[in-house]
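Structure first, commentary second.
By convention in this document, chain letters (A, B, ...) are assigned in the order of the sequence lines, proteins followed by strands, and residues within each chain are numbered from 1.
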There are 2 protein chains.
Amino acid sequence: MASVTTRSTPLPAPWDGVRAQLHDRGLRWTPQRRLLVEVLARTDGHVTAAELLESCRAIDPATIPSTVYRTLDVLEELGLLRHAHGPEGREEYHVLPREEHGHLHCAGCGGRWEIGADDAAALVATLAARDGFAVDLSHLVVVGRCRGCGAG
Amino acid sequence: MASVTTRSTPLPAPWDGVRAQLHDRGLRWTPQRRLLVEVLARTDGHVTAAELLESCRAIDPATIPSTVYRTLDVLEELGLLRHAHGPEGREEYHVLPREEHGHLHCAGCGGRWEIGADDAAALVATLAARDGFAVDLSHLVVVGRCRGCGAG
DNA sequence: GGGCTTGTCGCCACAGTATGCAATAACAAA
DNA sequence: TTTGTTATTGCATACTGTGGCGACAAGCCC
């Protein structure tokens, strides 16, 4: 009889190690987690939790929201994801953060860009020097208007 | 017979002009709006919408959430409020923004501080020069760890 | 003061996120 | 393979915030 967890898609990149990482921490590899990981493996860049939920439901309509949210928390603890809050306050996840970076959101067109460590260096240095504050770049969201949308 | 809208509290500061400002735009002065304005007049600094709702309910338990949210939107359009998103993505309102400023949130102790225009000047200048991006300082939220909470 | 226009309220439903709890199932050990 | 432990699921529920819609009432005009 075919195994229940189909092996049709040997997870790529860092995702193939998730199962082992979970086991190392005494956590479990479940079909629900596998489903989300499969979805994430096909995703790159930024997604909202709601989008991920929808993608999971496209494959398994029985997917429960709270399971997805909890699994996202777990994966974030493993370091495979980072989350921040978009301009409307909704959660956004960065898959496979190569390096810490902040985000730039245009309130006009909704466009998004990344802010590198060097762009924020001055701000980070100012706050570190004056207040001893250590900035978490991955949570930095800067809202404003891009060139195209003008200062209007 | 006493008037329905008690005049016991002649609204202070800029709040006394709200009614006129509403009228100028063809909007209306209702008991519900007056209640929220009274609460706001006694508040300063930062509040979440939920806190304002609670304060209103303390006075009039019949206060409806959506009315509060909609009134907050209206008052923000009048320039009497600004909102930003806290680290958990909840809405936070700044009452009577004296000047545009961003916020610093400590993920450890939950402490909050303001970021002045000068603190962010370098970041603002960098983004303006490189991308032509105009930063909205009032939406700037920087998350990290304060001196006391260490880099842990 | 009375009527009319239309902005606003109150209610309902829903989206997105989060938590408690009992039942289930993953995994290890026998 | 069976058993036992306990992490996880699924469900119910709650909270924040938004949008639709009919009924109501604020403010204008006469």
Side-chain angles (χ1 to χ4, degrees), chain A residues 1 3-6 18-37 46-57 59-78 81 83-93 139, chain B residues 1 3-5 18-37 46-57 59-78 81-93 139:
Chain A
M1 196 183 287
S3 65
V4 177
T5 53
T6 51
V18 176
R19 178 172 189 172
Q21 278 182 271
L22 288 170
H23 282 188
D24 288 349
R25 300 194 176 206
L27 305 178
R28 293 172 186 174
W29 183 241
T30 67
Q32 293 83 353
R33 286 181 177 171
R34 180 179 166 85
L35 173 58
L36 180 56
V37 166
H46 313 84
V47 248
T48 63
E51 285 166 351
L52 290 170
L53 172 59
E54 200 180 350
S55 297
C56 286
R57 284 197 148 143
I59 300 173
D60 179 0
T63 303
I64 268 65
S66 60
T67 298
V68 171
Y69 290 114
R70 284 185 289 217
T71 301
L72 287 170
D73 288 346
V74 170
L75 294 176
E76 186 164 11
E77 260 172 49
L78 296 183
L81 300 173
H83 84 276
H85 296 277
E88 290 87 30
R90 296 215 171 28
E91 299 232 323
E92 288 204 343
Y93 284 87
H139 269 78
Chain B
M1 195 185 288
S3 66
V4 177
T5 53
V18 176
R19 179 173 187 170
Q21 279 182 272
L22 289 169
H23 282 189
D24 288 351
R25 301 194 174 204
L27 305 178
R28 294 172 185 174
W29 182 241
T30 67
Q32 294 81 355
R33 285 180 179 173
R34 181 180 164 83
L35 173 58
L36 180 56
V37 166
H46 314 82
V47 249
T48 63
E51 285 166 352
L52 290 171
L53 172 59
E54 200 179 351
S55 298
C56 286
R57 284 196 149 146
I59 300 173
D60 179 1
T63 304
I64 268 66
S66 59
T67 298
V68 171
Y69 288 116
R70 284 186 286 219
T71 301
L72 286 171
D73 287 346
V74 171
L75 294 176
E76 186 163 11
E77 261 173 48
L78 296 184
L81 299 174
R82 286 307 242 126
H83 84 275
H85 295 278
E88 289 88 30
R90 296 213 171 35
E91 300 229 323
E92 289 203 344
Y93 285 87
H139 269 78

Audit row: B/T67, B/L36, side-chain contact (heavy atoms from CB on, under 4.5 Å) steps and yes/no: CA-CA 10 Å; B/T67 298; B/L36 180 56; over 6 Å; no
Side chain A/R28 and base D/dT6 donor-acceptor under 3.5 Å: yes
Value in whole Å for how far the C1' atom of C/dC9 lies from CG of B/L27: 14 Å
Under 4.0 angstrom between B/Y69 side-chain N/O and D/dT18 OP1 or OP2: no
Exercise: identify the closest heavy-atom pair between B/E51 and B/H46: OE1-O, 4.3 Å
Side-chain N,O (A/R33) to OP1/OP2 (D/dT8) below 4.0 Å: yes
Phosphate-side-chain proximity, B/T30 and C/dT8, N/O vs OP1/OP2 below 4.0 Å: no
Touch class at under 4.0 angstrom, heavy-atom based, for B/R19 against every strand present: sugar-phosphate
Sugar-phosphate only, base, or nothing, as touched by A/A49 at under 4.0 Å among non-hydrogen atoms: sugar-phosphate
Aromatic ring pairing A/H83/A/H139, orientation class (parallel under 30°, perpendicular over 60°, tilted between): perpendicular
Donor/acceptor link under 3.5 angstrom from B/R70 side chain onto base of D/dG20: yes
Donor-acceptor pair present, B/S66 side chain and C/dC11 base, under 3.5 Å: yes
Distance below 4.0 Å between A/Q32 side-chain N/O and C/dA25 OP1 or OP2: no
Toward the 5' end of DNA chain D, by each residue's nearest nucleotide, A/L22 or B/L53: A/L22
